[in-house]
Amino acid sequence: MHIGSCTFYLSIPWAKSLKDKRQCVKSIVEKMKNKFNISAAEIGENDNHNIALIGFACVSGSKVHAENMIDNVMNFVENHTEAEVYGIETELL
């Protein structure tokens, strides 16, 4: 069993309130879950309306599949969010 995890550091400079941030974060998390069947959630910076941390995890029987899943989700997030991705951390166990 292989577990892949990834954390996205997002900047949301246009957000004027936590409500604006929640709308952006909820949108990308739901898109990730629906498209890739992964577990995803906001994992930090809950009180800062201009920064978001989103994490996801996937489980696979194959290391290559887990790596491909992480790469696909990373590309998806970078191309399908209004926020700016300024950092990514990945881990494969």
Side-chain angles (χ1 to χ4, degrees):
M1 178 172 67
H2 298 277
I3 302 168
S5 66
C6 183
T7 302
F8 293 99
Y9 296 83
L10 303 174
S11 173
I12 313 169
W14 52 266
K16 303 295 183 212
S17 66
L18 289 174
K19 184 178 179 180
D20 291 342
K21 174 188 172 179
R22 277 193 309 269
Q23 183 180 21
C24 179
V25 169
K26 183 178 178 182
S27 172
I28 193 62
V29 167
E30 290 302 317
K31 287 176 186 176
M32 290 166 59
K33 287 179 178 181
N34 291 337
K35 183 162 180 72
F36 296 102
N37 193 25
I38 57 173
S39 296
E42 183 176 11
I43 58 172
E45 294 294 339
N46 295 336
D47 295 330
N48 186 338
H49 65 274
N50 292 120
I51 298 174
L53 295 175
I54 297 176
F56 77 87
C58 63
V59 178
S60 177
S62 162
K63 181 178 179 179
V64 173
H65 181 262
E67 289 173 341
N68 288 338
M69 180 71 74
I70 290 171
D71 289 341
N72 290 337
V73 175
M74 285 178 8
N75 290 333
F76 178 80
V77 170
E78 289 174 337
N79 294 318
H80 291 90
T81 183
E82 299 171 355
E84 300 169 17
V85 178
Y86 70 88
I88 299 174
E89 293 179 7
T90 62
E91 187 175 3
L92 190 61
L93 304 172

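Remember, predicted model here, so these are calculated numbers, not experimental data.
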Quiz item: Can you tell me how far SG of Cys24 sits from CD1 of Ile54, rounded to the nearest 0.5 angstrom?
Solution: 7.0 Å
Quiz prompt | Verdict with supporting geometry, Met32 and Val77, side chain to side chain contact (heavy atoms under 4.5 Å, CB included) | solution = CA-CA 8 Å; Met32 290 166 59; Val77 170; 3.6 Å; yes
Exercise. Could you tell me the separation between the OG atom of Ser60 and the CE atom of Met1, rounded to the nearest 0.5 Å?
Key: 10.5 Å
Exercise. Give the cluster check for Met74 versus Leu53: same hydrophobic cluster or not, with ILVMFWY residues linked at side-chain heavy-atom distances below 4.5 Å.
Key: no
Exercise. Given salt bridge (Lys or Arg N to Asp or Glu O under 4.0 Å), test Lys21 with Glu45 step by step and report yes or no.
Key: CA-CA 11 Å; Lys21 174 188 172 179; Glu45 294 294 339; over 6 Å; no
Quiz item: Hey, what do you get for CD1 (Ile28) to OG1 (Thr81), rounding to the nearest 0.5 Å?
Solution: 4.5 Å
Quiz item: So, for Ile38 and Ala57, which heavy atoms are closest and what is the spacing to 0.1 Å?
Solution: CB-O, 3.6 Å
Exercise. Would you kindly confirm whether Phe56 and Phe76 end up in one hydrophobic cluster when ILVMFWY residues are joined by side chain heavy atoms under 4.5 Å apart?
Key: yes
Quiz item: Got Gln23 and Lys19 here, is their nearest side-chain heavy-atom distance under 4.5 Å?
Solution: no
Quiz item: Can you hop from Leu93 to Met69 via hydrophobic side chains spaced under 4.5 Å?
Solution: no
Self-check item: Leu10 side chain reached by Tyr86 side chain, heavy atoms, under 4.5 Å
Solution: no
Quiz item: According to a 4.5 Å side-chain heavy-atom criterion applied to Ile, Leu, Val, Met, Phe, Trp and Tyr, with indirect links allowed, do Phe36 and Ile70 form part of one hydrophobic cluster?
Solution: yes
Self-check item: Linked, directly or transitively: Ile43 and Ile51 (ILVMFWY side chains, under 4.5 Å)
Solution: yes
Quiz item: Which distance, rounded to the nearest 0.5 Å, do you find between the SG of Cys58 and the CG of Leu92?
Solution: 8.0 Å
Quiz item: What are the two closest non-hydrogen atoms of His2 and Ser62, and how far apart are they?
Solution: CD2-C, 3.6 Å
Exercise. State, yes or no, whether a side-chain contact exists between Val25 and Arg22 at a heavy-atom distance under 4.5 Å.
Key: no
Quiz item: Between Asn50 (side chain) and Ser11 (backbone), is there a donor-acceptor pair under 3.5 Å?
Solution: no
Practice problem: Please indicate whether Asn34 has more than 12 foreign heavy atoms, meaning atoms of other residues, nucleotides or ligands, lying under 6.0 Å from its CG. | Solution: yes
Practice problem: Would you indicate whether Asn37, at its atom CG, is surrounded by more than 12 heavy atoms from other residues, nucleotides or ligands within a distance under 6.0 Å? | Solution: no
Quiz item: How many angstroms lie between CG in Asp71 and SG in Cys6, if you round to the nearest 0.5 Å?
Solution: 9.0 Å
Quiz prompt | Side chain proximity check, His49 to Asp20, heavy atoms < 4.5 angstrom | solution = no
Self-check item: Smallest separation among heavy atoms of Val73 and Phe8, with atom names
Solution: O-CZ, 4.2 Å
Quiz item: Taking it one step at a time, do Glu89 and Tyr9 satisfy side chain to side chain contact (heavy atoms under 4.5 Å, CB included)?
Solution: CA-CA 9 Å; Glu89 293 179 7; Tyr9 296 83; 2.9 Å; yes
